[in-house]
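Report on one structure; see the data block that follows.
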Amino acid sequence: MKIAFAGKGGAGKTSLAAWLGDYLARSGENVWLVDADTALSLGQASGLDPSLLPTPLAEREDIIRTYIGQGYMSLNPEVSGLPETLSVPLPLGGPAFAGRTAGDKKLLVMGTVAGAASGCACAANALLKSVLAHLILEERAWVLVDMEAGVEHLGRGTVADVDALVVVSEPSLRSLHTAAEVARLAEGLGLARQALALNRSEAGDALPDIAGLPGHVLRIPVLPGLRKRQLSSGSVLGLPEDALINALCAELLRALATESSPPAQA
Ligand SMILES: Nc1ncnc2c1ncn2[C@@H]1O[C@H](COP(=O)(O)OP(=O)(O)O)[C@@H](O)[C@H]1O
Ligand SMILES: [Mg+2]
């Protein structure tokens, strides 16, 4: 399954993508984690030593020129081997689950066209699109795409081909309005499998009446272990709340297995 994560900045997209990627790999699945966010933090959130972070694809002028060319641009390059070449393996946040052999977890850092090597933003854009489309349409492994805060990617065609969308939001009006906007846009593109991950929320928090929010709601509490850890480490894995996070990941996957219907209570 190919899953995109969207929502307002700071809501918890990167953390949730890192948790789900680790859960899947420990369950025996092969997973691509794609960092398509400007903040480039999925690697660190997944426990990768910062010195091992790859240069974002958007800044690899050599590769962009090779695949897209100069002058006459190839807008449909053959990129099947490229993700593998550019990826770095990610460490597991814990042991494989009982009776399973851990799958591969790989990171691909896209970067942004704004940060592209000078003069090749357009070519970089074409290559990023091709690589993302390849992963989403051709790869048999799981692909989790950590997107920019905004909804830009959803309009670009490729992300519209994912199977499911996780909209991450804080339990606040502004964050939920952004979430609803993203969800509506995705719905308009035919993306019916959606879940709202309400991060840092309490069981009793009632949702305000905002049209367009996904019907499936996953509540993630504040994690004291993560709060304590985050001044000394960028990793969100291997927390004391591991069991709770794994249960939430399983719940999220169950929710995404079916199309979401409008919330019972609007
Ligand atoms: N449930 C949670 N409890 C405690 N801290 C959290 C929780 N979810 C996320 N965080 C922290 O909040 C910050 C923002 O999360 P992040 O996943 O980077 O958001 P985004 O990718 O949406 O910008 C990070 O420092 C992360 O460790
Ligand atoms: Mg992020």
Side-chain angles (χ1 to χ4, degrees), residues 3-23 32-48 50 53-54 56 58 90 93-94 105 107-112 114-115 132 143-154 159 162 165-183 186 194-205 213-214 217-252:
I3 306 173
F5 293 77
K8 205 168 173 303
K13 298 178 292 295
T14 300
S15 303
L16 189 52
W19 289 327
L20 186 62
D22 200 58
Y23 173 81
W32 284 95
L33 282 165
V34 181
D35 195 342
D37 190 2
T38 39
L40 306 179
S41 53
L42 188 54
Q44 272 167 286
S46 300
L48 188 70
L53 276 172
L90 288 172
K105 192 165 55 144
L107 173 71
L108 184 66
V109 181
M110 304 292 260
T112 56
L132 201 52
V143 177
L144 311 185
V145 188
D146 180 15
M147 303 206 297
E148 280 171 57
V151 294
E152 300 80 9
H153 277 302
L154 284 176
V159 169
V162 297
L165 177 73
V166 179
V167 188
V168 187
S169 177
E170 304 214 27
S172 78
L173 211 50
R174 280 200 315 167
S175 189
L176 283 164
H177 273 294
T178 304
E181 190 188 339
V182 173
Q194 301 187 355
L196 173 67
L198 207 52
N199 195 8
R200 303 184 183 84
S201 90
E202 306 278 321
D205 287 346
L213 287 175
V217 181
L218 179 83
R219 289 174 193 275
I220 307 171
V222 168
L223 303 171
L226 179 51
R227 290 191 65 163
K228 211 177 274 177
R229 148 98 74 80
Q230 67 186 11
L231 280 175
S232 58
S233 163
S235 172
V236 302
L237 303 182
L239 295 172
E241 294 93 349
D242 198 42
L244 168 67
I245 291 168
N246 291 332
L248 287 168
C249 288
E251 187 184 338
L252 178 60

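Numbering starts at 1 and runs along the sequence shown. Indexing begins at 1, ligand by ligand and atom by atom, following the structure's order. Nothing here was measured: the structure is a model prediction, and the numbers come from that model.
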Please identify each residue that fulfils salt bridge (charged side-chain N to carboxylate O under 4.0 Å, His left out) with Arg200, with sequence neighbours left out. Glu170
Under a 3.5 Å distance rule, please check whether Lys13 uses its side chain to pair with a backbone N or O of Lys8 as donor and acceptor. yes
Enumerate the residue pairs fulfilling salt bridge (charged side-chain N to carboxylate O under 4.0 Å, His left out) with a member in residues 225-248, sequence neighbours excluded, ordered by first and then second residue. Arg26-Asp242
Any N/O/S atom, side chain or main chain, of Thr14 closer to the Mg ion (ligand 2) than 2.8 Å? yes
Can you tell me if Asp22 uses its side chain to pair, donor with acceptor, with the backbone of Gly93 under 3.5 Å? yes
Which N or O atoms of ligand 1 sit under 3.5 Å from a protein N or O, and how far apart is each pair?
| from | atom 1 | to | atom 2 | distance (Å) |
| --- | --- | --- | --- | --- |
| ligand 1 | 1 (N) | Asn199 | OD1 | 2.9 |
| ligand 1 | 1 (N) | Pro221 | O | 3.0 |
| ligand 1 | 3 (N) | Leu223 | N | 2.9 |
| ligand 1 | 8 (N) | Asn199 | ND2 | 2.8 |
| ligand 1 | 10 (N) | Arg200 | NH2 | 3.2 |
| ligand 1 | 12 (O) | Arg200 | NH2 | 2.5 |
| ligand 1 | 17 (O) | Thr14 | N | 3.4 |
| ligand 1 | 17 (O) | Ser15 | N | 2.8 |
| ligand 1 | 17 (O) | Ser15 | OG | 2.6 |
| ligand 1 | 19 (O) | Gly12 | N | 3.0 |
| ligand 1 | 21 (O) | Thr14 | N | 2.9 |
| ligand 1 | 21 (O) | Thr14 | OG1 | 2.8 |
| ligand 1 | 22 (O) | Gly10 | N | 3.4 |
| ligand 1 | 22 (O) | Ala11 | N | 3.2 |
| ligand 1 | 22 (O) | Gly12 | N | 2.8 |
| ligand 1 | 22 (O) | Lys13 | N | 2.9 |
| ligand 1 | 22 (O) | Lys13 | NZ | 2.9 |
| ligand 1 | 23 (O) | Gly10 | N | 2.7 |
| ligand 1 | 25 (O) | Gln230 | OE1 | 2.9 |
| ligand 1 | 27 (O) | Gln230 | OE1 | 2.8 |

So, does Arg219 use its side chain to make a donor-acceptor pair with the main chain of Asp205 at under 3.5 Å? yes
Using only atom types and a distance under 3.5 Å, with no angle test, would you say the side chain of Ser235 pairs donor to acceptor with the backbone of Leu237? yes
Using the side chain to side chain donor-acceptor pair (under 3.5 Å) criterion, which residues pair with Asn199? Sequence neighbours excluded. none
What atom name does the N, O or S atom of Asp37 nearest to the Mg ion (ligand 2) carry? OD2
